[in-house]
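Encoded as structure tokens, the structure appears first; notes follow it.
Residue numbers start from 1 in every chain, and the chains themselves are labelled A, B, ... in the order their sequence lines are given, proteins ahead of strands.
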Amino acid sequence: MPELPEVEIVRRGLEPFLVDKKFKHVELRRPDLRFPFPEHFTERLQGKKVVSLGRRAKYLLARLSNREVLVMHLGMSGRFTVATPQGRGGMIGEFTHDTGRDPAHDHVVFRMESGTTITYNDPRRFGFMLLIPEDELETHPLFSGLGVEPLGNELTAEYLAAKARGRRADLKAFLMDQRIVAGLGNIYVCEALFRARLSPMRPASSLANGAGRPTGRAERLVQAIRSVLWDAIEAGGSTLRDYRQADGSIGAFQHTFSVYGREGKPCAMPGCRGIVRRVVQAGRSTFYCGNCQR
DNA sequence: AAGAACTCCTGTTGGC
DNA sequence: TGCCAACAGGAGTTCT
């Protein structure tokens, strides 16, 4: 599930229940996810207050009152559910992408002093949690090599061209590489390449000319990446299928993929008569229109 | 050093 | 209907 937009949506959903709140009790139901939990994980969290909840790439970063950072990655199937006791009826508010989750995969339960319970569920267990001192975050191996944030000022055509120069990898693989642009995944790479009308099989080096300057393709790609991520975040607000706000309102849900998962369907580009095709690159499905993506 | 293959794990889907 | 292979929104590790 989670690429940058989804992680950002999860961050926004968790923020009011975590920031300025203290961990009262943390329950681990297994010793590891993708990696073992840090030593004394529960003890190191209990009694600490969350100062802020941020995001870098696909990582959630909960800064704690003791200057440690709780780093959380959702992997492929990680999800959080928030349960809040409300009013006399004990009404439950839920923030989740999946009501039908199997409690057998509830691996971590955070009980906050506020009374909120936040449960981490992850069937495939590709997610993980770490505790890293705040001042070691930037130099930590997981973070030191990360590329630029696509929604920040650092993603420019010049940046992409400089990174792409001489690269023989496919454009698809280049964009999936977190060391280039941090936070893109299979869906949004496919969608961004569609918006930029660029073939996933084109060599990454074609984003730069002989002098290492960005081509028009690089300019288009930057705009496409930004727009698809912003649109996804905006629409993501409506993916909170089971989110009920205090007033009881429910978000609508909408999928607006142009190519992802649309093999065999007509291309969405106005005027294009192409059909969406699926190929496998580096073991991952790529969806694209061979007619208008060149 | 870059790039591709392999790996972790469980659940769902589509074809026979 | 049941069975089995393919596949799933990720990314570190290991190999060439």
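L175(A) has its CG atom 15 Å from the C1' atom of dG3(B), to the nearest Å. In this structure, CG of L229(A) is placed 13 Å from C1' of dG9(C), rounded to the nearest angstrom. Put simply, CE on M76(A) is 15 Å from P on dC8(B), counting in whole angstrom units. Taking atom CZ of R34(A) as the reference point, atom P of dG12(C) lies 6 Å away to the nearest angstrom. Whole-Å rounding puts the L146(A) CG to dG12(C) P distance at 8 Å. Summarising the geometry, the separation between CG on D32(A) and P on dC9(B) is reported as 9 Å, rounded to the nearest angstrom. In this structure, D177(A) places its CG atom 9 Å from P of dG3(B), rounding to the nearest Å. E3(A) places its CD atom 8 Å from the P atom of dG9(C), with the value rounded to the nearest Å.
Ring to ring, F110(A) and F23(A) are close: their centroids are under 6.0 angstrom apart. Annotation: F143(A) is in aromatic contact with Y59(A) [ring centroid separation under 6.0 Å].
One finds no side-chain N or O of R79(A) lying less than 4.0 angstrom from the OP1 or OP2 phosphate oxygen of dG9(C). A sub-4.0 Å separation between OP1 or OP2 of dA8(C) and a side-chain N or O of S285(A) is present. For H105(A) and dG11(B), the shortest distance from a side-chain N or O to OP1 or OP2 is below 4.0 Å.
On the P atoms, dA5(B) is 15 Å away from dC7(C), given to the nearest whole Å. Annotation: dC6(B) and dA6(C) have their P atoms spaced 14 Å apart (nearest Å). A distance of about 23 Å separates the P atoms of dA11(C) and dT12(B), rounded to the whole Å. Remark: the separation of the P atoms in dC9(B) and dT14(C) is 15 Å, to the nearest Å.
Salt bridge annotation for K172(A)-D170(A): absent, with no cationic side-chain nitrogen under 4.0 angstrom from a carboxylate oxygen. A salt bridge is absent between K58(A) and E3(A): the closest approach of a Lys/Arg side-chain nitrogen to an acidic carboxylate oxygen does not fall below 4.0 angstrom. Using a cutoff of 4.0 Å between basic side-chain nitrogens and carboxylate oxygens, R12(A) and E15(A) are not scored as salt-bridged. A salt bridge links D32(A) with R30(A): the closest approach of a Lys/Arg side-chain nitrogen to an acidic carboxylate oxygen falls below 4.0 angstrom. One finds a salt bridge joining E263(A) and R278(A) here, because a Lys/Arg side-chain nitrogen approaches an Asp/Glu carboxylate oxygen to under 4.0 Å.
Each of dG10(C), dG3(B), dG11(B) was ranked by its minimum atom distance to the side chain of P123(A); first place goes to dG11(B). Side-chain proximity of L142(A) to the nucleotides dC7(C), dG12(C), dA11(C) is greatest for dG12(C). Residue R168(A) places its side chain closer to dG3(B) than to any other of dG3(B), dG10(C), dG12(C). Among the nucleotides dG9(C), dG3(B), dA8(C), the one closest to any side-chain atom of R284(A) is dG9(C). Nearest nucleotide to the side chain of H73(A), out of dG11(B), dG3(B), dG10(C): dG10(C). Closest to the side chain of F35(A), from the set dG12(C), dT10(B), dC7(C), is dG12(C). Distance from the side chain of M176(A) is smallest to dG10(C) among dT10(B), dG9(C), dG10(C).
The aromatic ring of F126(A) does not stack onto the base of dA11(C), failing the criterion of a centre distance under 5.5 Å from the six-membered base ring together with planes under 30° apart.
For the side chain to side chain donor-acceptor pair (under 3.5 Å) condition, the pairs that include at least one residue of residues 128-148 of chain A, sequence neighbours left out, are R67(A)-E134(A).
When each of A282(A) and R179(A) is assigned the nucleotide of DNA chain B bearing its nearest heavy atom, the one mapping closer to the 5' terminus is R179(A).
Nucleic acid contact class of Y59(A) (heavy atoms, under 4.0 Å, all strands): sugar-phosphate only.
For a distance-only test at 3.5 Å, the side chain of R124(A) qualifies as a donor-acceptor partner of the base of dC9(B).
When the shell of 6.0 Å around NZ of K48(A) is examined, it contains more than 12 heavy atoms from other residues, nucleotides or ligands.
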Margin query: Could you spell out the base pairing of DNA chain C as a dot-bracket line? Use Watson-Crick and G-U wobble contacts where both distances are under 3.5 Å, [ ] for crossing pairs, | for partners on a different strand.
Written below: .|||||||.|||||||

